[in-house]
Amino acid sequence: MGLLSGKKAFIFGVANERSIAWGIAQAFHAEGAELGFNFLGEALEKRVRPLAESVGAKLILPCDVSKDTEIETLYKEVEKAWGKFDILVHCIAFANKEELSNPFSTTSRAGFHLAMDISAYSLVAITRPAVPLLNEGGSIITLTYYGSEKVIPNYNIMGVAKAALECSVRYLAADLGAKGIRVNAISAGPIKTLAASGVGGFKTMLKTAGDMTPLKRNVSQDEVGNTATYLASSWSSGVTGEVIYVDAGANIIGMHFDEKKEEGPAAPAK
Ligand code: NAD
Ligand code: 0WE
């Protein structure tokens with residue numbers, strides 16, 4: 001018996017085999033969950049469908065989370081196929097490329113709105129119609145990043161959107177707690193995915209991040225999947241409204257330097 005046997009999980013945000021959502025899907029599948037997936041547009045359907053079918057998924061539905069009508073249609077299909085379900089996973093973010101390289105002070109109104117809509121509001125947008133379909137003991141999980149708390153070069157408007165997302169997790173958790181539904185976020189360290197590969201200097205960032213963590217490495221999609229499995233299962237039944245770090249410990253570090261390059265003790269003052 002797997003930890004998630006008999007549970008149904010709908011996962012938003014698989015783009016390809018490198019997606020964090022796919023790491024989560026594989027972990028859920030290994031623990032016996034039945035899975036459903038969305039895809040964004042026909043181009044990604046070609047990638048998502050074979051992956052979804054490889055874990056036995058039958059529910060593979062189109063959905064652009066900026067469109068309420070598409071979300072509504074998706075849940076009609078979910079209800080037809082499943083009735084109720086147990087686990088909702090949100091692994092979606094988007095900002096204009098320029099807004100992730102130009103100075104933050106030049107962020108446009110439209111760019112701000114877009115990033116907030118796709119990366120933060122979409123959690124509320126896919127939660128609201130899911131609530132009547134979620135079983136008692138249900139679990140909602142989203143993905144965030146440390147750039148919501150401290151300044152990370154170029155993360156810019158995405159940092160603002162992730163702060164809104166994390167705060168939405170707390171308000172949703174307070175709201176849905178009485179229904180027995182928990183809501184949590186995983187704050188993952190940098191991982192090379194499709195979204196990350198669109199970012200200039202990402203390779204350097206991975207190297208820098210890997211060097212400064214207590215574990216002296218980066219994290220994998222599988223490690224995020226394992227924490228998501230804990231959050232989806234009753235092992236975390238007392239946990240809601242939290243942000244859990246899967247970042248090899250990066251968030252605890254206040255300053256980092258290479259101790260091998262140390263100059264030795266400073267000369268005593270005269
Ligand atoms: P990814 O590119 O594999 O996934 C991003 C997904 O967002 C894609 O599947 C894309 O189709 C989807 N998406 C974008 N706009 C959408 C829309 N309008 N409607 C529906 N779907 C839409 O990249 P990823 O790194 O796996 O990202 C997943 C989540 O993890 C994001 O929330 C991201 O912020 C978060 N995250 C990523 C990292 C990292 O370093 N890769 C670290 C921490 C958190
Ligand atoms: O949340 C993310 C990725 C967010 C993202 C990335 C892109 C690139 C391509 C959102 N929208 C877009 N739009 C594009 O056109 N991460 C946590 C990964 C990430 O992205 C960064 C990072 C890290 C880490 C951007 C700048 C600096 C650091």
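For ligands, and for the atoms within them, numbers begin at 1 and follow the listed sequence. Values in this document were obtained by computation on a predicted structure and should not be read as measured data.
Aromatic ring orientation, F10 versus F85: perpendicular (interplanar angle above 60°, classes split at 30° and 60°). Taking the six-membered ring for Trp and thresholds of 30 and 60 degrees, Y245 and Y146 have ring planes more than 60 degrees apart, a perpendicular arrangement.
For the pair R217 and T213, the tightest heavy-atom approach, listed with the atom from each and the gap, is O-OG1, 2.9 Å.
Heavy atoms of other residues, nucleotides or ligands lying less than 6.0 angstrom from NZ of K84 number more than 12. Enclosure of atom CZ in R47 is not indicated, since only 12 or fewer non-hydrogen atoms of other residues, nucleotides or ligands lie within 6.0 angstrom.
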What short N/O contacts, under 3.5 Å, does ligand 2 make with the protein, listed by atom pair and distance?
unit_1, atom_1, unit_2, atom_2, d
ligand 2, 1 (O), Y155, OH, 2.8
ligand 2, 11 (N), A95, N, 2.9
ligand 2, 11 (N), A95, O, 3.4
ligand 2, 13 (N), A95, O, 2.7

Run through all N or O atoms in ligand 1 and write down each protein N or O closer than 3.5 Å, as a pair with its distance.
unit_1, atom_1, unit_2, atom_2, d
ligand 1, 2 (O), A195, N, 3.1
ligand 1, 3 (O), S19, OG, 2.6
ligand 1, 9 (O), G13, O, 2.9
ligand 1, 9 (O), A15, N, 3.4
ligand 1, 18 (N), D64, OD1, 2.9
ligand 1, 19 (N), V65, N, 2.9
ligand 1, 23 (O), T193, OG1, 3.3
ligand 1, 25 (O), T193, OG1, 2.6
ligand 1, 26 (O), I20, N, 2.9
ligand 1, 32 (O), I92, O, 3.4
ligand 1, 32 (O), K162, NZ, 2.9
ligand 1, 34 (O), K162, NZ, 2.8
ligand 1, 40 (O), I191, N, 2.8
ligand 1, 40 (O), I191, O, 3.3
ligand 1, 41 (N), I191, O, 2.9
ligand 1, 41 (N), T193, OG1, 3.3

What do the steps show when you test I24 against L143 for side-chain contact (heavy atoms from CB on, under 4.5 Å), and what is the final call? CA-CA 11 Å; I24 294 173; L143 260 292; 3.9 Å; yes
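In the hydrophobic clustering of ILVMFWY residues, with side-chain heavy atoms under 4.5 Å counting as a link, L74 and V131 come out together.
With contacts defined as side-chain heavy-atom distances shorter than 4.5 Å, the pair L165/S119 does not qualify.
Under the 4.0 Å criterion applied to side-chain N and carboxylate O atoms, K80 and E77 are assigned as salt-bridge partners.
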